[in-house]
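Beneath this line is the structure, given in C-alpha cells, with notes to follow.
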Amino acid sequence: MWQHRLSLFFLALSSFVTLSAFWALGGQGTGPDYSLLSDPWFWQLLSFTFKQALLSSLLAVGLALPLARLLVLDRQLPLKAFFLRWCLLCFVLPSLVLITGLILLLGRQGWLAPLLGPEWQIYGLQGILIAHVFLNLPLAIRLLSAQWASIPSQSWRLASQLQLSLWQQLYHVEWPALRPILAPLFGLIFLLCFNSFAVVLTLGGGPASSTLEVAIYQALKFDFNPGEALFLAWTQLLLAGSLFWFFQRFGKLSWLAVADSGPSWQPRPHRLTLYLGRLYYLLIWLFLSLPLLVLLPRAVQGLNAQLPWLLLLQASSWSLLLAASATLLCLSMALSLSHFAIVRGGLWARFTRLIALHQLVVPGMVLAVGVYLFFLPWIYWQDWGWLALILLNSLVALPYAFSQIQPAMFQYHQSYARLSQSLALTPWQHWRDVLWPFLKPCLLPSAGLVLVLLLGDMTLFSLFGSADLPTLPWVIYELAGSYRLNEAALASLLLLGFSFLGLVWLERPRAL
C-alpha cells in the first residue's frame, strides 16, 4: 500500500539523517579532540551547563507547585482559564522575544534597573535563570494543575471527614497524585535547559557562562575547529541521552495538558491561605506579563525611527514559509508513522516509535553539526541551507507531534478502522469524511504547538541560515546585539503576533 511505502520512506529519511550525523561525529577523517579532557575550560563548561539546568528546573517546579494547587482549589480565582492559555503561549514563546523584553525590563537602561542597584547585571547566570524560569514555569503550572485536578472528590471528602491537618492532607491525598509526574516533569525541564541555545548565547555574557550547546556553535561557526566541535557534540549527546533514558523511566507527559475545573467537591482553603495565594497569583501574572508588555512602548518609539521595513518584511515572509513548510512535513511524518506503528505492531511498532521520538535525545545543535559536517564536501550550505532548515526543523519537532497524534490514531483504529475498510472509500474520501473529522481536535493544537516552536528557531538557523534570507529571530538577535532595542522590540512584537495568531487559528477548540 502507498501509505506503508510513505511510512517506510519517512523512517528511512529520519534514520539516514541521524546516522549521517553520527557518522560525521565519528570523525570522517577528523576525530574528536580528546585533549579537552585535560583542559580546565571543558570541566568548567560542563559544570556550568549542569548548574544552570539544575537551578532552572528547581526554580520552575518549586514556583509552580503552590500556584498549581491554588488554580484547582480556588474556584473563584479570576481569569483562571485565560491564565492557563497564557501559560501555553509563554511556553512556546520564541526565546528572542522574551530576551528582548528582559533586556528592556532588567537591562542597564531597563524599567526596573533603578530598583535593582548598580551591581545588578542581566548577563550571566541570573539572566539565564530568569529566562529559563519564564519559559518553563508555565509548562510546570499547566501539568501540575492538571494532575491536581485529577484527584477525585471522594478523596477530598474523606480527608475532610477525618479532619486531616494540612500536612496530613498533603501527604495522604495530594502527594500520591503528584508523585508520578514530578520526576518526569523535572527531567523534561532539566533537558530543555540543558540543551538551551538562544537564551545562553544571548544572556550568557561571556565564556564563564557558556554551555555545551553554545560552545559547539562557537567551535564550528567562529573557530571552525571540527575536532573540538565533535568532542563537545559527543559529550552532549551522551549526557542528554543518558538523562533522557533515566527520566523516561519515571513516566511520560502530555505537552498540551490543561487542568479542567477539578472535582465536584473540594475543601475551601483557609482565608489567609487564599489571600496569600491570590497575591502570589498576581505576582506570577506580573512575572509572565511584564517582559512582553514592556515591548509595546519601545516598539511605538521604534516606529519613529528609520526602520528596515524591507528587512522585516523579508524576514517575516521567510520565517513563515520555513515554519509552515516544516510544520506540514512534521505533521505528515507524525500521521504516517503513527498509522504505520499501529498497523504493523510488534518490533516494527517499537522501531517506529524509537525513530519518531529519538530526536528528544539528540540535541538540535548536535544533529545540525553532524549533518553540516557530513554534507559539507558536496553541498554549499549558503545555497541549500533552507532545505536543511525545513528537514531538520521537522525532525526536531516530530516528537512533540507524534506523542500527541499517536494516542488519537490508536483510538481511531480501535473504533473505526474496520468500518472504514468495509465502506471501500478512496484515500481522499477516507481522509476527508472519516480521518480528518476524528483527528481534528488533536491535530490542530499539535500543529499550533509545532508551528510556534519552529517560528522561534534559532539553533538550526545559526548553522544553516544565510544573511541573504534572515528569519525574524535572527533579525531580533542582530538588532539587540547592535543596541537598536526599539527596532528589536518592534520585530519581537511582530514575531509574538505571528505566534499568537498561530495558536489562535490552529487551536480553535480552546483558542487564546
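- At least one side-chain heavy atom of L329 sits less than 4.5 Å from a side-chain heavy atom of F10.
- Residues W148 and L65 are in side-chain contact: their nearest non-hydrogen atoms beyond the backbone lie under 4.5 Å apart.
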Show the numbers, then the answer: is there a side chain to side chain contact (heavy atoms under 4.5 Å, CB included) between L54 and F186? CA-CA 9 Å; L54 178 62; F186 178 86; 3.7 Å; yes

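- A side-chain donor-acceptor contact under 3.5 Å links Q52 to the backbone of C193.
- Residue S316 comes nearest to L494 through the heavy atom pair OG-CD2, 3.1 Å, listed as atom of the first residue, atom of the second, then distance.
- Separation of the W86 and F83 ring centroids does not fall under the 6.0 Å cut-off.
- Put simply, the residue from V371, I355, V17 that forms a side chain to side chain contact (heavy atoms under 4.5 Å, CB included) with L395 is V17.
- Between T471 and L322 there is a side-chain heavy-atom pair separated by less than 4.5 Å.
- Residues S394 and A326 share a closest heavy-atom pair of CB-O, 3.4 Å.
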With side chain to side chain contact (heavy atoms under 4.5 Å, CB included) as the criterion, how do L70 and Y280 come out once you've worked through the C-alpha distance, each side chain's angles and the decisive distance to 0.1 Å? CA-CA 10 Å; L70 180 73; Y280 184 65; 5.9 Å; no

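- At least one side-chain heavy atom of Y400 sits under 4.5 Å from a side-chain heavy atom of L453.
- Interatomic distance, OG1 of T352 versus CG of L337, reported as 6.5 Å (0.5 Å rounding).
- A donor-acceptor contact under 3.5 angstrom links the side chains of Q236 and E213, judged on distance only.
- Although no hydrogens or angles enter the test, the distance criterion places no donor-acceptor pair under 3.5 Å between the side chain of N393 and the main chain of V396.
- The shortest heavy-atom contact between V133 and A60 is CG2-N, 4.4 Å.
- In this structure, CG in L129 is found 5.5 Å from CG in L55, a value given to the nearest 0.5 Å.
- Shortest non-hydrogen contact noted between L239 and L46 is CD1-CD1, 3.4 Å.
- Here the CD1 atom belonging to I284 is positioned 7.0 Å from the CZ atom belonging to F287, to the nearest 0.5 angstrom.
- For T100, the side-chain hydrogen bond (donor to acceptor under 3.5 Å, both in side chains) partners two or more places apart in sequence, or in a different chain, are S492.
- One N or O on the side chain of T235 and one on the backbone of F231 form a donor-acceptor pair closer than 3.5 Å.
- When all heavy atoms of P138 and C87 are compared, the closest pair comes out as CB-O, 3.1 Å.
- V475 has its side chain out of reach of W318: every pair of non-hydrogen atoms, C-beta onward, lies at least 4.5 Å apart.
- Screening L455, L98, V97 for a side chain to side chain contact (heavy atoms under 4.5 Å, CB included) involving L496 leaves a single residue, V97.
- Looking only at side-chain heavy atoms (C-beta outward), F48 and S209 come within less than 4.5 Å of each other.
- In this structure, L115 and W120 have side chains that are not in contact, with every pair of non-hydrogen atoms separated by 4.5 Å or more.
- For S20, there are no side-chain hydrogen bond (donor to acceptor under 3.5 Å, both in side chains) partners at least two apart in sequence or on another chain.
- You'll find the side chain of S319 stays beyond 4.5 Å of the side chain of F498, heavy atoms only.
- Taking CG from L293 and CG from L104, the interatomic distance works out to 12.0 Å, rounded to the nearest 0.5 Å.
- Within the 3.5 Å criterion, the main-chain N or O of Q121 finds a donor-acceptor partner in the side chain of Q126.
- The minimum heavy-atom distance linking T49 with T211 is given by the pair OG1-CA, 3.3 Å.
- Going from atom CZ of F16 over to atom CH2 of W23 covers 12.0 Å, rounded to the nearest 0.5 Å.
- Checked against F464 for a ring pair (Phe, Tyr, Trp, His ring centres under 6.0 Å), the options W474, W386, W381 give a single hit: W381.
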Just do the side chain to side chain contact (heavy atoms under 4.5 Å, CB included) check on I189 and S56 with the steps written out, would you? CA-CA 8 Å; I189 295 176; S56 299; 5.6 Å; no

Apply side chain to side chain contact (heavy atoms under 4.5 Å, CB included) to residues L490 and L295 and explain how you reach the verdict. CA-CA 7 Å; L490 186 61; L295 295 172; over 6 Å; no

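- Between L449 atom CG and T327 atom OG1 the span is 9.5 Å, to the nearest 0.5 Å.
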